[in-house]
Number of protein chains: 2
Amino acid sequence: MVYLLYNQYNMFTSSEENYLKAIYHLGLVAKKGVSTNAIAKKLDTKASSVTDMVKKLADKKVLIYQKYQGVNLTIEGKKIAALIIRKHRLWEVFLVEKLNFNWDEVHDVAEQLEHIKSPKLIDEIDALLGFPTVDPHGDPIPDKEGEITLRKKVKLSTLKENEETVLLAVKDSSDDFLRYLNKKKIAIGNTIKVIHIEPFDHSTLVQINDVELLITNEVAENLLVKESNAV
Amino acid sequence: MVYLLYNQYNMFTSSEENYLKAIYHLGLVAKKGVSTNAIAKKLDTKASSVTDMVKKLADKKVLIYQKYQGVNLTIEGKKIAALIIRKHRLWEVFLVEKLNFNWDEVHDVAEQLEHIKSPKLIDEIDALLGFPTVDPHGDPIPDKEGEITLRKKVKLSTLKENEETVLLAVKDSSDDFLRYLNKKKIAIGNTIKVIHIEPFDHSTLVQINDVELLITNEVAENLLVKESNAV
DNA sequence: AATAATTTTTAGGCTTATCTAAAAATTATT
DNA sequence: AATAATTTTTAGATAAGCCTAAAAATTATT
Ligand SMILES: [Mn+2]
Ligand SMILES: [Mn+2]
Ligand SMILES: [Mn+2]
Ligand SMILES: [Mn+2]
């Protein structure tokens, strides 16, 4: 098999790649175009910087930009973004599975590794890991064509009392939230049963790994689980 | 064990790191200071760019610069350079040992990976590989303090007829040379016996893995071997 | 519909890392 | 020692990616 170091999809700088990734993520939840301010906030930069970059990316045909109307990725732009996300998530799996990283330690390193240019490298990492389909946070890994298979997931907060489910992913992947879950010994794959929901503040008593635990509604909003099986 | 993402030794850009590494390598063979032109040639840039960067690095105390006199790394500069080389060579071992890369495919990728900032990452890669001491080209891997243990190596071309030795490293790591060695099935660790040296052009008949092979003097100059054991 | 608040863009600057061309210093040759 | 060749530095530009401040457009409120 022949690998080319640079293919048609990777003549982008790390900064351009980060913009594409941010716009991709924001576009999944945006109803219309992704706004300048939203991008600026996500990338911790200024709106004026976003406008500059967005014009450059529009010239490169990876997004459509109309003044004051926000941006939308083109098919090509979506594919490039998905392939960067693929690399990010594969590296996260590698760090956790092979290098003893905890799931709250992988993000910053994956943020760097995702920009390494070498198709063979990521293919081999993929193979070494046994072609995983989800990352350590339960997020799906796009395939080599940038296609993502979505699993049906609901917030734990949507479940009723006595329903039982499995933790599939976390909505918030911040270090703070992940460390909270570590402390409470809550991990992807755990079985969760809703024991009681307090009507006043929606705090919820759950049973996880045979241990009862009280969680706030905010926590329940950030745990993504399998659609309920009433028990 | 606690890992800090940024320590005192890594507030350098990739470009600065590449300069430090180039100067380190050139400094090993230079009698006096490393010249502006030598650095420019090694990094495929212009002498004027080198002068600019060298001034910046002198401000950062990692090298001593005197106009027209070339540069010398400080102790600190040498350590930083050695730690980048450590990362480069560990990644090369990883690519070959774990990801099925051939030794002629690793350089460009390692050139990128060496700039990833994460002390834990490289320590874990080191551990995963079993703390290797040489890279796929036979070059020594600096330890965590940047110290390098040099093995005694001589050019194959210095051996006499009937002397036997072991291939320890290659002097030239260009893809062309490495692919030549692949083709001839010559690899690190092979036993080599000098059968005959032609006085006219110093072409040499050697026995490698029980196969006789004629190599040019230029090849013999680029194979680094154990000091001879006369047989 | 007019006005106010917010968002977005433009204009002008800055830093890093490059470059070319010309000037200055060093080194080699006669 | 003078001159020629080479190396190195300086001066002035350029492009990427960011910034602040001000202007323009859009959206929300009265
Ligand atoms: Mn990134
Ligand atoms: Mn993740
Ligand atoms: Mn490099
Ligand atoms: Mn090497």
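Since this is a predicted model, take the numbers as computed values, not measurements. Atom set for the values below is all heavy atoms of this structure, side chains included, hydrogens, waters and symmetry mates excluded. Numbers restart at 1 for each chain; the letters A, B, ... are given by sequence-line order, proteins then strands.
Below 30°, between 30° and 60°, or above 60°: for B/W103 and B/H137 the angle between ring planes is below 30°, a parallel geometry.
With D/dT8, D/dA24, C/dT10 as the choices, the nucleotide that has an atom nearest any side-chain atom of A/Y68 turns out to be D/dA24.
With 3.5 Å as the limit, one finds no donor-acceptor pair spanning the side chains of B/D176 and B/S174. With hydrogens and angles left out, the side-chain atoms of B/S35 and B/N37 include no donor and acceptor closer than 3.5 Å.
With pairs defined as Watson-Crick or G-U wobble and both atom distances under 3.5 Å, the stems of at least three pairs that touch DNA chain C come out as C:1-30 with D:1-30.
Atom C1' of nucleotide D/dT7 and atom NZ of B/K32 are separated by 13 Å, given to the nearest angstrom. In this structure, CG of A/D59 is placed 14 Å from C1' of D/dA15, rounded to the nearest angstrom. One atom, NZ of A/K55, and another, P of C/dT8, lie 14 Å apart when rounded to the nearest Å. Spacing between atom OH of B/Y65 and atom P of D/dT10 amounts to 6 Å, rounded to whole angstrom units. The CE-P distance, from B/M53 to D/dT8, rounds to 18 Å in whole Å. Here D/dA25 presents its C1' atom at 14 Å from CD of A/Q66, a figure rounded to the nearest Å.
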Inset, instruction - Take A/H88 and A/D135 through the test side-chain hydrogen bond (donor to acceptor under 3.5 Å, both in side chains) and record every step on the way to the result. - result: CA-CA 9 Å; A/H88 184 105; A/D135 85 356; over 6 Å; no
Inset, instruction - Test ring pair (Phe, Tyr, Trp, His ring centres under 6.0 Å) on B/F94 and A/F94 and set out the steps. - result: CA-CA 13 Å; B/F94 171 74; A/F94 171 74; 5.5 Å; yes
Legend entry - A/H107 and A/E111: CA distance, side-chain angles, deciding distance, side-chain hydrogen bond (donor to acceptor under 3.5 Å, both in side chains) verdict: CA-CA 6 Å; A/H107 191 73; A/E111 205 57 44; 3.0 Å; yes
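In this structure, B/S15 reaches the C/dT18 phosphate: one of its side-chain N or O atoms is under 4.0 Å from OP1 or OP2. Residue B/Y19 places at least one side-chain N or O closer than 4.0 Å to OP1 or OP2 of C/dT18.
Listed here is the closest heavy atom pair of B/G146 and B/A82: O-CB, 3.4 Å.
Taking the ring centre of A/Y24 as origin, the terminal cationic atom of A/K78 falls outside the region bounded by 6.0 Å and 45° from the ring axis.
Within residues 33-52 of chain A, the residues having any heavy atom under 4.0 Å from DNA chain D are, by residue number, A/T45, A/K46, A/S48, A/S49, A/D52.
The pair A/K60-A/E16 meets the salt-bridge criterion, since a charged nitrogen lies less than 4.0 angstrom from a carboxylate oxygen.
Both A/S14 and B/K67 lie near DNA chain D, and the one whose nearest nucleotide falls closer to the 5' end is B/K67.
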